[in-house]
2 protein chains.
Amino acid sequence: MNAPALTKNQALVFEVLEKADGPLSAYTILDKLRDHGFRAPLQVYRALEKLLEYGVVHRLESINAFVACAHPDQNCHSHGIVAFAICESCGHVMEFHDHEVDHRLMNWTRGKKFKAEKTTIEIRGLCETCAA
Amino acid sequence: MNAPALTKNQALVFEVLEKADGPLSAYTILDKLRDHGFRAPLQVYRALEKLLEYGVVHRLESINAFVACAHPDQNCHSHGIVAFAICESCGHVMEFHDHEVDHRLMNWTRGKKFKAEKTTIEIRGLCETCAA
DNA sequence: ATCGCACACGTTATAGCATAACGCAATTGA
DNA sequence: TCAATTGCGTTATGCTATAACGTGTGCGAT
């Protein structure tokens with residue numbers, strides 16, 4: 001899924017996520033965009049839906065928040081499964097990929113004849129700075 | 001974390017989850033326990049909090065639901081990271097463990113000096129039956 | 001050209017998930 | 001006996017997400 005030109009709302013939401021130094025909830029995004037005419041959650045959710053589809057934004061299931069993809073340039077969907085390390089203290093998120101993990105999980109699902117559509121890997125804990 | 005004797009509410013919630021053939025939301029559990037005197041969400045959430053702590057129940061972050069641990073006998077916390085395959089059609093959940101995956105993820109976090117506290121792995125898709 | 005369709009958008013309302021804050025009762029151990 | 005802890009019940013509230021409706025715009029097919 002490659003990203004076509006973003007619409008106005010999509011661009012606004014994406015910009016907010018890019019500028020943030022951590023994940024944001026949909027309602028936080030909404031608040032940051034009130035000055036730009038946003039009034040309702042759906043405006044945010046609809047934009048997010050597309051941005052997720054284009055692979056330029058990720059959803060963090062374990063904290064109900066959204067974050068801009070760490071690879072602005074490339075298509076994130078081509079990296080296989082994306083894993084996240086989320087600091088519970090400062091909120092900072094690190095994104096990474098591990099093909100061996102992908103492989104092991106795929107192996108397991110294949111053995112069970114389970115058709116995987118979307119895989120979530122999220123590690124919550126403390127980043128180096130906050131753990132010190 | 002070993003499980004002490006469950007309190008009345010904890011036992012009721014656990015029983016509901018055990019009998020269910022799939023994950024349940026907190027509010028679904030509440031509805032199933034109204035006949036037993038449950039009236040408020042907190043009664044469910046407080047019981048779930050303990051059951052999660054004891055390791056006899058898991059929370060599925062990606063669908064905001066709870067499921068009884070697949071290993072009634074043993075302490076689930078001793079298995080390392082728990083992974084789930086969740087069928088989006090029938091709702092059935094398979095639970096599994098893969099030490100190699102654990103190892104890869106731990107390797108990565110150690111490299112980043114990230115102190116992992118809780119890791120979520122959830123694969124959503126279609127089970128063998130539903131994919132056919 | 002104009003009709004039909006797809007899509008983005010705006011608005012209101014509502015559904016679904018989770019916790020704050022208060023108070024009471026029972027248990028336990030110093 | 002007193003203080004601390006834990007479980008429980010209730011009310012209220014906050015946060016997350018979507019349903020359902022209508023509008024406007026662009027664009028290809030007839």
Side-chain angles (χ1 to χ4, degrees), chain A residues 1-17 20 22-54 56-67 86 88 91 118 120 122 124, chain B residues 1-17 20 22-54 56-67 86 88 91 118 120 122 124:
Chain A
M1 177 69 59
N2 232 337
L6 300 183
T7 67
K8 183 155 172 289
N9 284 3
Q10 288 160 19
L12 285 168
V13 169
F14 184 56
E15 199 182 324
V16 166
L17 283 175
L24 300 178
S25 79
Y27 280 74
T28 301
I29 296 171
L30 173 58
D31 286 339
K32 286 180 184 292
L33 288 175
R34 290 206 188 272
D35 293 344
H36 291 77
F38 275 50
R39 327 238 73 215
L42 258 191
Q43 295 175 275
V44 176
Y45 281 110
R46 287 205 274 232
L48 285 172
E49 187 179 11
K50 288 300 182 184
L51 295 170
L52 290 168
E53 188 181 319
Y54 302 154
V56 298
V57 161
H58 300 292
R59 177 195 186 101
L60 301 177
E61 311 272 7
S62 65
I63 58 173
N64 295 316
F66 303 86
V67 70
I86 307 166
E88 312 215 84
K118 172 115 179 25
T120 297
E122 296 177 16
R124 291 188 299 302
Chain B
M1 178 68 59
N2 230 338
L6 300 182
T7 67
K8 184 155 172 288
N9 284 3
Q10 289 161 17
L12 285 168
V13 168
F14 184 57
E15 199 182 324
V16 165
L17 281 174
L24 301 177
S25 79
Y27 278 72
T28 302
I29 295 170
L30 173 58
D31 286 339
K32 287 181 183 293
L33 288 175
R34 290 207 187 272
D35 293 346
H36 291 76
F38 275 50
R39 330 235 75 218
L42 259 192
Q43 295 174 277
V44 177
Y45 282 109
R46 288 205 272 231
L48 285 172
E49 187 179 11
K50 288 299 182 184
L51 294 171
L52 290 168
E53 187 181 320
Y54 302 155
V56 298
V57 160
H58 300 293
R59 177 194 185 100
L60 302 177
E61 311 272 8
S62 65
I63 58 173
N64 296 315
F66 303 85
V67 69
I86 307 167
E88 312 216 81
K118 171 113 176 32
T120 298
E122 296 178 16
R124 291 186 302 299

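Since the model is a prediction, treat every value here as computed from it, not as a measurement. Chain identifiers are assigned alphabetically (A, B, ...) following the order of the sequence lines, protein sequences preceding nucleic acid strands; residue numbering begins at 1 within each chain.
- For the pairing with B/L30, the side chain to side chain contact (heavy atoms under 4.5 Å, CB included) check across B/V44, B/V16, B/L24 returns one residue only, B/V44.
- Residue pairs satisfying the salt bridge (Lys or Arg N to Asp or Glu O under 4.0 Å) criterion with at least one member in residues 56-65 of chain B, sequence neighbours excluded, are listed as follows: A/R124-B/E61, B/R59-B/E61.
- Among all heavy-atom pairs drawn from A/F66 and A/L17, the shortest one is O-CD2, 3.3 Å.
- Taking a 4.0 Å limit (strictly below) on heavy-atom distances, residues 22-38 of chain B reaches DNA chain C at B/S25, B/Y27.
- Counted within 6.0 Å of NZ on A/K8, heavy atoms from surrounding residues, nucleotides or ligands total 12 or fewer; the atom is thus considered open.
- Mapping heavy-atom proximity under 4.0 Å, the span of DNA chain C touched by chain A runs 5' to 3' from C/dA8 to C/dT12.
- Side-chain atoms of A/L51 and A/L6, non-hydrogen and from C-beta on, do get closer than 4.5 Å to each other.
- Protein chain A contacts DNA chain D over a range whose 5' and 3' limits, counting nucleotides with an atom under 4.0 angstrom from a non-hydrogen atom, are D/dT16 to D/dA20.
- B/R39 comes within 4.0 angstrom of sugar-phosphate atoms only, judged by non-hydrogen atoms across all strands, and of no base.
- Partners of A/E122 under the salt bridge (charged side-chain N to carboxylate O under 4.0 Å, His left out) rule, at least two apart in sequence or in another chain, do not exist in this structure.
- For A/E15, the side chain to side chain donor-acceptor pair (under 3.5 Å) criterion is met by A/K19, not counting sequence neighbours.
- Sorted by first and then second residue, the side chain to side chain donor-acceptor pair (under 3.5 Å) pairs with a member in residues 34-52 of chain A read A/D31-A/R34; sequence neighbours excluded.
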